[in-house]
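If you're wondering where the values come from, they're calculated on a predicted model, not measured in any experiment. Convention: sequence-line order gives letters A, B, ...; per-chain numbering from 1.
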Amino acid sequence: MAYSQLRAEAERLVNSAIERLKLQYVRQIISRTPSEELGELSSNASFMLSKALGRAPYEIAVEITNNMDRSSFDLIKSAEAHQTGYINFRIDWEKFLARALEAIFSDKKYGIPKARKIKVIVEHTSVNPNKALHIGHVRNVVIGDTVARIMKALGHDVQILNYIDDTGVQVADLVLGFLHLGYSRQAPAGKKLDHYYGDDVYVNVNRAYEKEPSLQEKRKEITRQLEEGYGEGAKIAEEIVHDVLVEQLKTCWRVGAEYDLLNYESQILRQRYWEEVFERLKNAGAVKLARGGKFDGCWVMEGGEEEEEKVLVRSDGTTVYAAKDIPYAAWKLGLVRDRFAYDIFTEQPSGKRLWMTAFDKGRDDHPNFGSADIAITVIGVEQTRLQNFVKKALEYLGKGEREYIHLAYEKVALSKKTARQLGIEGQREFVQMKGRTGIYINADDVFDMLYKKAKEETKRRNSEKDEQWVKQVAEAIALSAIRYEMLKQDIKKIIVFDMDEALNLEGDTGPYLMYSYARAVSVLRKANYTNMQPIKQYDLSDLDQKEKELILCMSRMEEELQNIIDTLAPDSLCRYAHELATSFNAFYERCPIINSEYRERRLMITEAFRRLLAENLDLLGIKAMDAI
RNA sequence: GGGCCCGUGGCCAAGCAUGGAUUAAGGCAUCAGCCUCCGGAGCUGAAGAUCGUGGGUUCAAAUCCCACCGGGCCCGCCA
């Protein structure tokens, strides 16, 4: 809050001077200066005016600065024109510090922007229920979970969905393996069921297709059974989907994600949502029956300017993959009436119930699912074109661009080195993961290795602590490492995953944040810091540069979060949390806290930092532990 | 062929929306320092950059425009 006040004040000072000088209004940007000698904030207004007036920026800056109403300075102490043309402002630090700390301590949710409450659906994970999550899936889970956490912090009503494609060919492949190729349904001792199904059965069934193409026919028949819900195939599928989900969820929980609802594709089909939506699309003129040409007999949707039309219903009457997404999206936004029955799938570690769309009557005491104001779906960037078709179809039904958000993320690939360690030789700089061919690294394995490393480190540093404590801490550290690693990079860029780098717990990592938090807690504990007095009673003079930087950084939280919400860019959240921690560590190194004449003030700053970092860690899904 | 995205030190990467202060953040790796003092998963410093290439716009370009090069993805009556 305090930071936006600062900016607003600087902006106002410049604008009123411009008005007084009868110059034209310009859109200025208030930004931070590159170094403290220049002050803290600067305006580029004179550059903007320079072009219009045909005069040197410096001249204009001087004029503006001379015409400021100095009596209205509040948080700003001084303004001066710099040779380059910038107008630089210095902060009245005592005032600003008092104001900033008051804001932090008076607000339990400091830095969280205020928002009108809406209902938000976030769909993520949605891994085919025939295998274990690999490290690429974790990127999806963590992005989705973090977005959901941010939405919850804003006070929105958030429902987290995991879409279960239980009728697709991937499940059919497993069914075929069990029915026709003699694979056992039991995992070998010591192997997680989802690993066994994915690593062994699924991969080998796909190899078998190459040797025996006739199996394809069998797969087709099984797929039909799954879609229509009959026969032995459907029965086995229901069981294996359940069993795999149980295992997949353990992995998701381990990285800190929980859900509200598992939404089965089979139920969407059986509730005949598509039929309803299809009728409405026909009536709206969105789809038409193609006559002649290569799409003869298909129902197609117009593609737009340079886009080819898209088949939604094949000439044999079956729907394509993309068409299955439309009714689901329509349901999310309340464009079709909710007809699902719901049942409880399980209870999650936090105690929260996990619901599923039920195969039978279900129960009545379920929450109202669907009908959200906004639906955010975390899906790979490669599906952008299809998602745009979904969006387009929704527009015909009354919603679209603004309500249906495809949060597109790039893949996780394996580094050359890590691929080689797995026995995969690639010519390229990185190797794409592929479930079908067995080229991937399982999330559980990565987590286990991180856990092992974290446990060794924790043990070494805390020899007096018991095993139980060490395990708990190591688990939290592994979680922080994996989440931060998956979040810190631009969502649009491929992450080249390297096992050795991932195992590094130093530098720009999750454990660094946890360490900084524990350090602050430790200082406060050692100082016996309990409660603060009114801020007026503190000595706020002689601030060290590092104190100033930390305070300024803390005061920026709301602005940073607003930007993160507007852009749905979790990497910015990592960067801000990291900057907070870095500022604190710099302050810690330079300024004695406990044995200082400014002890009380510095403890208060430390406590403010602790609170803010805790909030940020919470958004990131990282556990703030008092000691690690 | 058409469309979208990416290209910044040895490696990873921020900045690009809204062009300016510069010496282009930060991390990994390398080298040199820092625990009589609050947690060394830390801090300080050194070294390391034609911001893919070439044009253009501008007083000013990593940032805007155009072309090209390299990499990835999408363009199925597959899912």
When you look at A:Asn616 and A:Leu580, which way does the side chain to side chain contact (heavy atoms under 4.5 Å, CB included) test go after all the steps?
CA-CA 9 Å; A:Asn616 278 278; A:Leu580 266 180; 3.5 Å; yes
Which is it for A:Tyr517 and A:Arg610 under the side chain to side chain donor-acceptor pair (under 3.5 Å) test, yes or no, and what are the steps along the way?
CA-CA 6 Å; A:Tyr517 182 86; A:Arg610 190 198 63 76; 2.8 Å; yes
For A:Asn585 and A:Ser516, what are the C-alpha separation, side-chain angles and deciding distance, and is it a side chain to side chain donor-acceptor pair (under 3.5 Å)?
CA-CA 7 Å; A:Asn585 283 320; A:Ser516 306; 3.1 Å; yes
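Put simply, A:Lys492 has a side-chain N or O that comes within less than 4.0 Å of OP1 or OP2 on B:C6. When the side-chain nitrogen and oxygen atoms of A:Lys310 are compared with OP1 and OP2 of B:C74, none of them lie within a distance under 4.0 Å. Considering only side-chain N and O atoms, A:Gln83 lies nowhere under 4.0 angstrom from the phosphate OP1 or OP2 of B:A21.
Between A:Glu547 and A:Arg602, at least one side-chain N (NZ, or NE/NH1/NH2) sits under 4.0 Å from a carboxylate O, which counts as a salt bridge. Taking 4.0 Å as the cut-off between side-chain N and carboxylate O, A:Glu221 and A:Lys218 do not count as a salt-bridged pair. Between A:Glu63 and A:Arg55, at least one side-chain N (NZ, or NE/NH1/NH2) sits under 4.0 Å from a carboxylate O, which counts as a salt bridge. Ion pair A:Arg575/A:Glu579 not flagged as a salt bridge, since none of the NZ, NE, NH1 or NH2 atoms sits closer than 4.0 Å to an Asp/Glu carboxylate oxygen.
Nucleotides B:C64 and B:G19 place their P atoms 9 Å apart, quoted to the nearest Å. Between B:C77 and B:A14, the two P atoms lie 37 Å apart (nearest whole Å). For the P atoms, the distance linking B:G54 with B:C75 amounts to 35 Å, nearest Å. Between the P atoms of B:G45 and B:G3, the separation comes to 49 Å (whole Å). Nucleotides B:C5 and B:U50 are separated by 27 Å at their P atoms, to the nearest Å. Comparing B:A13 with B:C51, their C1' atoms are spaced 13 Å from each other, to the whole Å. Taking atom C1' on both nucleotides, B:G70 is separated from B:U8 by 15 Å, rounded to a whole Å. Here, B:C43 and B:G7 have their P atoms 27 Å apart, quoted to the whole Å.
Counting any heavy atom pair closer than 4.0 Å across all strands shown, A:Ala413 reaches no nucleic acid atom. Nucleic acid contact class of A:Asn44 (heavy atoms, under 4.0 Å, all strands): none. Within 4.0 Å of A:Gln383, counting heavy atoms only, lies no atom of the nucleic acid at all. Within 4.0 Å of A:Asn88, counting heavy atoms only, lies at least one base atom of the nucleic acid. Using a 4.0 Å heavy-atom distance criterion, A:Thr458 is classed as a base contact. If you check every strand for non-hydrogen atoms under 4.0 Å, A:Lys294 touches a base. As judged by a 4.0 angstrom heavy-atom cut-off over every strand, A:Asp296 is placed among the base-contacting residues.
Using cut-offs of 30° and 60° on the angle between ring planes, the pair A:Phe584 and A:Tyr588 is tilted.
Seen from the ring of A:Tyr576, A:Arg556 does not count as a face-on cation partner, given the 6.0 Å and 45° thresholds. Taking the centre and axis of the six-membered ring of A:Tyr409, the NZ or CZ atom of A:Arg139 falls outside the cone set by 45° and 6.0 Å. Stacking of A:Lys282 on the aromatic ring of A:Trp299 is recorded, both the 6.0 Å distance cut-off and the 45° axial limit being met.
Across B:G72, B:G39, B:G15, the shortest atom-to-atom separation from the side chain of A:Arg575 is found for B:G15. Set against B:G39, B:C6, B:A79, the side chain of A:Arg314 has B:A79 as its closest nucleotide. With distances taken from any side-chain atom of A:Lys324 to the nucleotides B:C43, B:A79, B:A14, the minimum falls on B:A79. Here the nucleotide nearest the side chain of A:Phe295, chosen from B:C77, B:C11, B:C43, is B:C77. For A:Asp508, counting side-chain heavy atoms from C-beta on, the closest listed nucleotide (B:G27, B:U18, B:C6) is B:G27. Here B:G19 is the nucleotide among B:C43, B:G19, B:G72 with the atom lying nearest to any side-chain atom of A:Met48. For A:Arg385, the side-chain atoms get nearest to B:G2 when compared with the rest of B:C77, B:G2, B:C43.
Here the P atom of nucleotide B:U18 and the CD1 atom of A:Ile30 are 17 Å apart, to the nearest Å. Look at CD on A:Glu410: it is 8 Å from P on B:C73, rounded to the nearest Å. Summarising the geometry, the separation between CG on A:Asn563 and P on B:A14 is reported as 15 Å, rounded to the nearest angstrom. The NE2-C1' distance, from A:His578 to B:G27, rounds to 7 Å in whole Å. Residue A:Ile491 contributes atom CD1, which lies 15 Å from atom P of B:C5 at whole-angstrom precision. Look at CD1 on A:Ile494: it is 12 Å from P on B:C12, rounded to the nearest Å. Whole-Å rounding puts the A:Glu506 CD to B:C43 C1' distance at 13 Å. For the pair A:Glu382 CD and B:C5 P, the interatomic distance rounds to 16 Å; values are reported in whole Å.
Applying the side-chain contact (heavy atoms from CB on, under 4.5 Å) test between A:Ser415 and each of A:Asp498, A:Val431, A:Asp500 identifies A:Asp498 as the sole match.
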Produce the list of close N/O pairs, under 3.5 Å, pairing protein atoms with atoms of nucleotides 33-38 of chain B; give distances to one decimal.
| residue | atom | partner | partner atom | Å |
| --- | --- | --- | --- | --- |
| B:C38 | O2 | A:Ile593 | N | 3.4 |
| B:C38 | O2 | A:Ile594 | N | 2.9 |
| B:C38 | N3 | A:Ile593 | N | 3.0 |
| B:C38 | N4 | A:Tyr588 | O | 2.6 |
| B:C38 | N4 | A:Cys591 | O | 2.9 |

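The side chain to side chain donor-acceptor pair (under 3.5 Å) check on A:Glu410 picks up nothing, with sequence neighbours excluded.
Remark: ring of A:Tyr86 stacked against base of B:A21; centroid gap under 5.5 Å, plane tilt under 30°.
Of all nucleotides present, none satisfies the Watson-Crick or G-U wobble test against B:U50 with each distance under 3.5 Å. Look at B:G42: its Watson-Crick or wobble partner, with both distances under 3.5 angstrom, is B:C34. Pair check for B:U63 finds none; no Watson-Crick or G-U wobble contact set falls under 3.5 Å. Nucleotide B:C73 forms a Watson-Crick or G-U wobble pair with B:G3, both donor-acceptor distances falling under 3.5 Å.
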Per-nt protein contacts along nucleotides 56-61 of chain B (heavy atom under 4.0 Å; B base, S backbone sugar-phosphate only, - none) come out as ------
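The nearest heavy atom of RNA chain B to A:Asp571 and to A:Met625 marks one nucleotide each, and the one closer to the 5' end goes with A:Asp571. A residue-by-residue look at A:Lys546 and A:Arg460 shows that A:Arg460 has its nearest nucleotide of RNA chain B further toward the 5' end.
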